[in-house]
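Below: the structure, in structure tokens.
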2 protein chains.
Amino acid sequence: MAPLFHPSREDITLAGVLSALADPMRLRIVKSLMQQNDCMSCIEAAPCPDIPKSTLSNHFRILREAGLIQTTKKGVEHRNVVREADINARFPKLLKTIVGYAE
Amino acid sequence: MAPLFHPSREDITLAGVLSALADPMRLRIVKSLMQQNDCMSCIEAAPCPDIPKSTLSNHFRILREAGLIQTTKKGVEHRNVVREADINARFPKLLKTIVGYAE
DNA sequence: TTCAATTGTTCAGAACTAGTGAACTATTGA
DNA sequence: TCAATAGTTCACTAGTTCTGAACAATTGAA
């Protein structure tokens with residue numbers, strides 16, 4: 001399987017971050033990942049259980065390619081964590097401000 | 001002609017604001033409107049002169065419907081201004097943080 | 001080893017959205 | 001009355017998103 005793509009810190013763009021977070025489901029995923037202070041599988045981080053997994057997989061790909069999350073394979077599941085340091089280095093306070101308004 | 005639609009302050013959503021600002025052209029429009037401290041016509045606020053006017057009109061509609069700008073007719077042109085007070089009331093610091101990172 | 005269960009990706013088609021030229025409306029000034 | 005200007009609306013095309021189905025990888029049990 002092709003390795004999962006993650007942009008380097010410098011390649012994280014404002015437009016990419018904003019459009020990734022503009023989707024309510026993705027914003028809730030990021031919020032729960034940040035609250036967890038730990039890695040979560042895609043299913044654990046999903047905001048509700050009845051989302052088709054192809055849809056969920058797509059949302060995680062968008063978050064990953066925007067540079068918002070880091071995904072590593074661990075056994076059968078993918079562990080996800082928010083790249084807070086990278087986002088904060090690039091756009092200080094942006095992530096906290098936006099996620100703070102997430103329901 | 002139908003009057004231009006503007007959402008009330010309470011109807012401004014985070015997702016609407018983020019997806020409106022996720023487009024680089026719209027973000028630049030908002031930034032130049034904020035720097036101007038005055039109303040601007042659509043053409044004045046456009047980031048470059050060769051944008052088709054239907055495209056420009058569409059971007060202004062999206063900004064308007066997201067609650068980011070207030071548009072009023074004045075003679076032959078439309079004067080636009082950012083609804084800073086409304087956005088700040090709804091999502092304090094959000095606008096300034098995002099626009100601060102606009103190129 | 002083999003098989004089933006679990007987690008997630010990829011593919012393809014349907015539904016939706018965005019960009020744009022052309023036609024249109026409204027206002028102004030000559 | 002006519003031309004010029006500023007925007008909107010329409011229709012078409014191109015591209016994106018959502019989703020079910022098929023697939024791949026890992027694990028644990030028989």
Side-chain angles (χ1 to χ4, degrees), chain A residues 1-7 13 15-30 32-33 36 38-66 68-81, chain B residues 1-7 13 15-30 32-33 36 38-66 68-81:
Chain A
M1 197 193 285
L4 301 170
F5 172 73
H6 291 88
T13 67
V17 170
L18 293 182
S19 65
L21 295 179
D23 182 277
M25 189 181 297
R26 289 195 292 266
L27 184 55
R28 270 183 291 165
I29 289 171
V30 169
S32 51
L33 284 175
Q36 204 65 15
D38 192 16
C39 289
M40 294 171 90
S41 72
C42 297
I43 284 178
E44 282 172 344
C48 55
D50 56 344
I51 302 164
K53 58 181 183 167
S54 54
T55 304
L56 203 55
S57 174
N58 193 44
H59 283 311
F60 276 91
R61 182 183 57 77
I62 290 170
L63 289 172
R64 203 158 50 227
E65 294 182 354
L68 278 161
I69 63 172
Q70 169 78 37
T71 305
T72 48
K73 290 202 67 171
K74 191 155 195 178
V76 79
E77 60 186 30
H78 287 191
R79 305 298 291 174
N80 299 282
V81 68
Chain B
M1 199 191 289
L4 301 170
F5 172 74
H6 292 88
T13 66
V17 170
L18 293 183
S19 64
L21 295 179
D23 182 278
M25 188 180 297
R26 290 195 292 264
L27 184 56
R28 271 183 288 165
I29 289 171
V30 169
S32 51
L33 285 174
Q36 205 65 17
D38 192 16
C39 289
M40 296 171 87
S41 71
C42 295
I43 284 179
E44 282 172 343
C48 54
D50 57 345
I51 301 166
K53 56 181 185 167
S54 54
T55 304
L56 203 55
S57 174
N58 194 43
H59 283 310
F60 275 90
R61 181 183 56 77
I62 289 169
L63 288 172
R64 203 159 48 227
E65 294 181 355
L68 278 161
I69 63 173
Q70 169 77 38
T71 306
T72 47
K73 290 203 67 171
K74 189 154 196 177
V76 79
E77 61 186 27
H78 287 191
R79 308 297 290 173
N80 298 283
V81 68

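Each chain gets a letter, A, B and so on, in the order the sequences are listed, and its residues count up from 1.
- Put simply, CD on B:Glu77 is 11 Å from C1' on C:dT28, counting in whole angstrom units.
- C:dG8 atom C1' lies 14 Å from atom CZ of A:Arg79, rounded to whole Å.
- Considering only side-chain atoms of B:Val76, the nucleotide from C:dT9, C:dT27, C:dT7 that sits closest is C:dT27.
- Going from atom CG of B:Asn80 over to atom C1' of D:dT8 covers 13 Å, rounded to whole Å.
- Put simply, CD on B:Glu65 is 17 Å from P on D:dG7, counting in whole angstrom units.
- At distances below 3.5 Å, at least one donor-acceptor pair connects side-chain atoms of B:Arg26 with backbone N or O atoms of B:Ala20.
- The interatomic distance linking B:His78 (NE2) with D:dT8 (P) rounds to 5 Å, in whole Å.
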For a quick check, with a 4.0 angstrom heavy-atom cut-off, what is the B/S/- contact string for nucleotides 14-21 of chain D, read 5' to 3'? ----SBBB

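- Taking atom NZ of residue B:Lys73 and atom P of nucleotide C:dA26, one finds them 8 Å apart after rounding to whole Å.
- At whole-Å resolution of the value, CE in B:Met25 and P in C:dA18 are 14 Å apart.
- The side chain to side chain contact (heavy atoms under 4.5 Å, CB included) search around B:Arg28 returns B:Pro47, B:Glu103, not counting sequence neighbours.
- Considering only side-chain N and O atoms, B:Ser41 lies under 4.0 angstrom from the phosphate OP1 or OP2 of D:dG7.
- Judged by distance alone, with hydrogens and angles left aside, the side-chain atoms of B:His6 form no donor-acceptor pair with the main-chain N or O of B:Arg64 at under 3.5 Å.
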From CA spacing to verdict: side-chain contact (heavy atoms from CB on, under 4.5 Å), A:Leu4, A:His78: CA-CA 10 Å; A:Leu4 301 170; A:His78 287 191; 3.7 Å; yes

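- Whole-Å rounding puts the A:Arg64 CZ to C:dG8 P distance at 10 Å.
- Note that the OG1 atom of B:Thr72 and the CD atom of B:Gln70 stand 6.5 Å from one another [nearest 0.5 Å].
- The distance from the CG atom of B:Asp50 to the CG atom of B:Leu56 is 11.0 Å, given to the nearest 0.5 Å.
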